[in-house]
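In what follows, a structure is listed as structure tokens, so that the remarks can point back to it.
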There are 2 protein chains.
Amino acid sequence: MAERVLNSQAGGIGSTAHEAVYRRLRERIFFGGFLPGHAVTLRGLAEELGVSPMPVREAVRRLIAERALAMQGNGRVVVPLMTRDKFEQVLFARAALEPELAARALSRLSPADIEVVAQVDDDIDSALLNGDAEGYMRGNFRFHFMIYRQAEADMLLGLVESVWLQFGPFMRMAYGRIGTQGLEDHHQAALEAMRRRDEAGLRAAIRADIGQGMGFIGDAMLSPLQ
Amino acid sequence: MAERVLNSQAGGIGSTAHEAVYRRLRERIFFGGFLPGHAVTLRGLAEELGVSPMPVREAVRRLIAERALAMQGNGRVVVPLMTRDKFEQVLFARAALEPELAARALSRLSPADIEVVAQVDDDIDSALLNGDAEGYMRGNFRFHFMIYRQAEADMLLGLVESVWLQFGPFMRMAYGRIGTQGLEDHHQAALEAMRRRDEAGLRAAIRADIGQGMGFIGDAMLSPLQ
DNA sequence: GCGGTCCCATTGTGATCACAGAATTTGCAT
DNA sequence: ATGCAAATTCTGTGATCACAATGGGACCGC
């Protein structure tokens, strides 16, 4: 099944330097240490990654276009902050798009594919038991995109990837602050629906997963701050 | 009301050269002569726009990230072709996102705003009468985004802009080939719903407008080709 | 001790050059 | 005339340099 779940765009092998920088930055934004508000510099990243500033410029420009990074008025590049408004929009967009992707993927998922996804879910449970926030996020990402990728709907997948990139750093900060205790795993219903080939059930399960997972961090994080 | 409907992103004034190039390319992709399949070159655009290749590189990179342009395996940059699959995804994404934007905008639309939108719709009718395909497209774009912009939901607006950029060149080619006769104006229902402050009615009207407008060109264009 | 001002380091931006790969054209041989 | 091969042009990519503007910090005056 899909090995390269990230970077669905422009199926190219992507052997250019700026492509590699793009992937590494994307990985760090989503799973690494780039928290909301963190400022990055072109030359700094270039030196850190061992390349000239040029590929970094292109990668950062691309990430800004995907709203994974933001450029403030003075030209400085930062990881965007989350606001209640933006969070609600993310929640809506996910609920509007992801169940459809899952439904489209259903007919293309082989029983073997489904069991691979089930294994990922086991890993998620282990991560939750161990309080491993990053492991949970990586697993959750893999769980969803292994499914969505099978939909073979690049256009919708691109929209959803952009949405995930926008709330990723916030989610990471949230789990870092409030921990993973209290998080439940709502993926079982999705797995059962997939095994039953129940499209309506899968849509509902994905929708429930989004609502509950996002509600969890939304309640915990956004009540205090504004 | 919103003068700058295009380029919602990163509210900056955008006085940099690559920002200007980006806006001009975007304008041409959507309303100008860039048809699907059209190839562009960095140096060619640079000379044509009277700038160095540098700002063009950044603008093109950004447009590729938004999927308004595509890079083929050999590195050449082209305006992407439309496929039936992609068209269906565009249709779904529009129907999933745009009614929500319209609904969110409703409470912020003043009666004066609504009448401005109504005037735009009059212009659309004139364009349709004259068979002015570009006028129709400009008017249709303004009609929708004058409303959506009032929703003050940048994240969702960005998704919708990306979607429009992806079907814009195809729609232009479609109207150029099949003309605008047969196009009906389904905006009246939306205007009446707005005047009534009828959120459900507005959602339904926008959804109907999308379904019928897109169905019109989808039926005409995508049956023959593949 | 504290506030303001000047200076320098750092930032993103744009231009120019070098380079490798691809595509097109040219030229030759059949 | 036609098919193939070589060469030349053209492509995007990356590096380096120059520059204006912004930000931070040091220094001085009160």
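Quick note on labels: first sequence line is chain A, next is B, and so on, each numbered from 1.
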Heavy-atom neighbours of A:Q72 CD exceed 12 at 6.0 Å =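 Check passes, neighbour count above 12.
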Taking everything shown except A:E134 itself, do over 12 heavy atoms lie less than 6.0 Å from its CD?
->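 More than 12 within 6.0 Å, yes.
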Output the rounded distance in Å from [atom1] ([X]) to [atom2] ([N]).
X     : N      : atom1 : atom2 : value
B:L42 : C:dT16 : CG    : C1'   : 15 Å
A:M71 : D:dT22 : CE    : P     : 14 Å
B:L49 : C:dG14 : CG    : P     : 13 Å
A:Q72 : C:dT13 : CD    : P     : 12 Å
A:R76 : C:dT10 : CZ    : P     : 12 Å
B:M54 : C:dG12 : CE    : P     : 13 Å

Which atom pair, heavy atoms only, marks the closest approach of B:A93 to A:L159?
->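 Shortest heavy-atom separation between B:A93 and A:L159 comes out as CB-CD1, 3.9 Å.
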Which is true for B:V40 with a 4.0 Å heavy-atom rule: it touches a base, it touches only sugar-phosphate, or it touches nothing?
->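 Sugar-phosphate contact only - B:V40 comes under 4.0 Å of backbone atoms but never of a base.
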So which one's nearest nucleotide on DNA chain C is more toward 5', B:E58 or B:R43?
->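 Whichever sits nearer the 5' end wins; that is B:E58.
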Under 4.0 Å: is that the gap between some side-chain N or O of [X] and OP1 or OP2 of [N]?
X     : N      : result
A:T41 : C:dT11 : yes
A:N74 : D:dG23 : yes
A:R61 : C:dT13 : yes

Any N or O donor-acceptor pair linking the side chain of A:R57 to the base of C:dG14 at under 3.5 Å?
->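 Flag set: donor-acceptor pair detected.
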Rounded distance [0.5 Å steps], CG in B:L202 versus CG in B:L101 |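 Here the interatomic distance stands at 10.5 Å.
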